[in-house]
**Q** 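A single structure is presented below for examination.
Positions are given from 1, in the same order as the sequence printed here.
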Amino acid sequence: TGINNLNIFKIMKQKTFNVVLTGCDSGHKLPVVKAVKENLNLGLKEAKDIVDTTDKYPVNLKEGVSESEAYKLKKAIEDAGGIVRLDYID
């Protein structure tokens, strides 16, 4: 039972996040569209629509992802000039 309790603890301890695109730095819209396209496996128009929508309100890029996946996506989008927020999910 010690192993089972340890596994349950690890599962309970895992954090999940929503990755939210809130906008992009001026002049960096195209690189952000490209980063969204590549990291979410979307078409060009879909990625552009997501980035354009952030002019009005934030957009969830991914929901309920692990901490490591969330930070990896956040870094990729921010490196392209995007502004990303991670929302912790209880």
Side-chain angles (χ1 to χ4, degrees):
T1 60
I3 293 174
N4 289 339
N5 289 340
L6 182 60
N7 287 339
I8 290 170
F9 177 74
K10 285 180 180 178
I11 290 169
M12 290 174 62
K13 190 177 174 185
Q14 289 179 349
K15 298 177 183 177
T16 56
F17 294 86
N18 288 340
V19 182
V20 183
L21 180 64
T22 61
C24 60
D25 296 333
S26 61
H28 289 94
K29 189 174 266 190
L30 189 58
V32 173
V33 168
K34 183 178 177 186
V36 168
K37 177 184 177 294
E38 291 172 356
N39 286 280
L40 299 180
N41 297 317
L42 299 174
L44 183 60
K45 181 173 179 0
E46 294 167 310
K48 183 181 180 304
D49 289 347
I50 288 172
V51 174
D52 287 344
T53 301
T54 63
D55 292 339
K56 299 174 190 155
Y57 51 86
V59 177
N60 283 345
L61 295 177
K62 279 198 168 183
E63 297 179 351
V65 297
S66 69
E67 185 174 10
S68 62
E69 185 178 351
Y71 277 99
K72 181 180 174 185
L73 179 57
K74 181 179 189 286
K75 180 176 178 0
I77 303 297
E78 286 181 340
D79 285 351
I83 302 167
V84 178
R85 177 181 80 216
L86 297 181
D87 291 343
Y88 175 69
I89 303 170
D90 271 334

**Q** Given the rule that I, L, V, M, F, W and Y join up when any side-chain heavy atoms are under 4.5 Å apart, are Tyr71 and Leu40 in one cluster?
**A** yes

**Q** Out of curiosity, Leu61 CG to Ile50 CD1, how far, rounded to the nearest 0.5 Å?
**A** 6.5 Å

**Q** Kindly give the heavy-atom pair with the smallest separation between Ala35 and Ala80, and that separation in Å.
**A** CB-CB, 3.7 Å

**Q** Does Lys48 have any side-chain contact (heavy atoms from CB on, under 4.5 Å) partners at least two apart in sequence or in another chain, and if so, which?
**A** Val33, Asp52

**Q** Val36 pairs by side-chain contact (heavy atoms from CB on, under 4.5 Å) with which of Leu44, Val59, Val51?
**A** Val51

**Q** So, for Ala70 and Phe17, which heavy atoms are closest and what is the spacing to 0.1 Å?
**A**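 That closest heavy-atom pairing would be CB-CB, 3.8 Å.
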
**Q** Would you please test Leu73 and Val65 for side chain to side chain contact (heavy atoms under 4.5 Å, CB included) and show each step?
**A** CA-CA 10 Å; Leu73 179 57; Val65 297; over 6 Å; no

**Q** Between CD1 of Ile83 and CD1 of Ile77, what distance do you get to the nearest 0.5 Å?
**A**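 Going from CD1 on Ile83 over to CD1 on Ile77, the span is 12.5 Å.
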
**Q** Would the distance check show the side chain of Asn18 and the main-chain N or O of Tyr88 forming a donor-acceptor pair, the cut-off being under 3.5 Å?
**A**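 The answer is no, because no donor-acceptor pair under 3.5 Å joins these two groups.
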
**Q** Could you measure the distance from the CD1 atom of Ile89 to the OG1 atom of Thr16? Nearest 0.5 Å is fine.
**A** 4.0 Å

**Q** Could you work out, with salt bridge (Lys or Arg N to Asp or Glu O under 4.0 Å) as the rule, every residue matching Asp87, not counting sequence neighbours?
**A**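 Listed in chain order: Arg85.
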
**Q** How far does CD of Glu67 sit from CG of Leu86, to the nearest 0.5 angstrom?
**A** 9.0 Å

**Q** Tell me every residue that passes side-chain contact (heavy atoms from CB on, under 4.5 Å) with Asp49, counting only those two or more places apart in sequence or in another chain.
**A** Lys45

**Q** Kindly compute the distance separating CG (Asn41) from CD (Glu46), expressed to the nearest 0.5 Å.
**A**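 Here the interatomic distance stands at 10.5 Å.
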
**Q** Under the rule for side-chain contact (heavy atoms from CB on, under 4.5 Å), what residues qualify as partners of Asp79, not counting sequence neighbours?
**A**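 Per chain and number, Asp79 pairs via side-chain contact (heavy atoms from CB on, under 4.5 Å) with Lys75.
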
**Q** Atom NZ of Lys29 and atom OG1 of Thr54: how far apart are they, to the nearest 0.5 Å?
**A** 6.5 Å

**Q** Holding to side-chain hydrogen bond (donor to acceptor under 3.5 Å, both in side chains), I want the full list of residues that pass it with Lys37, two or more places apart in sequence or in another chain.
**A**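 Not a single residue meets the side-chain hydrogen bond (donor to acceptor under 3.5 Å, both in side chains) criterion with Lys37.
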
**Q** With sequence neighbours left out, what residues match Glu78 under salt bridge (Lys or Arg N to Asp or Glu O under 4.0 Å)?
**A**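 So Glu78 forms a salt bridge (Lys or Arg N to Asp or Glu O under 4.0 Å) with Lys74.
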
**Q** State, yes or no, whether a side-chain contact exists between Val32 and Asp25 at a heavy-atom distance under 4.5 Å.
**A**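 When only atoms from C-beta onward are counted, Asp25 and Val32 do not touch, as no gap falls below 4.5 Å.
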
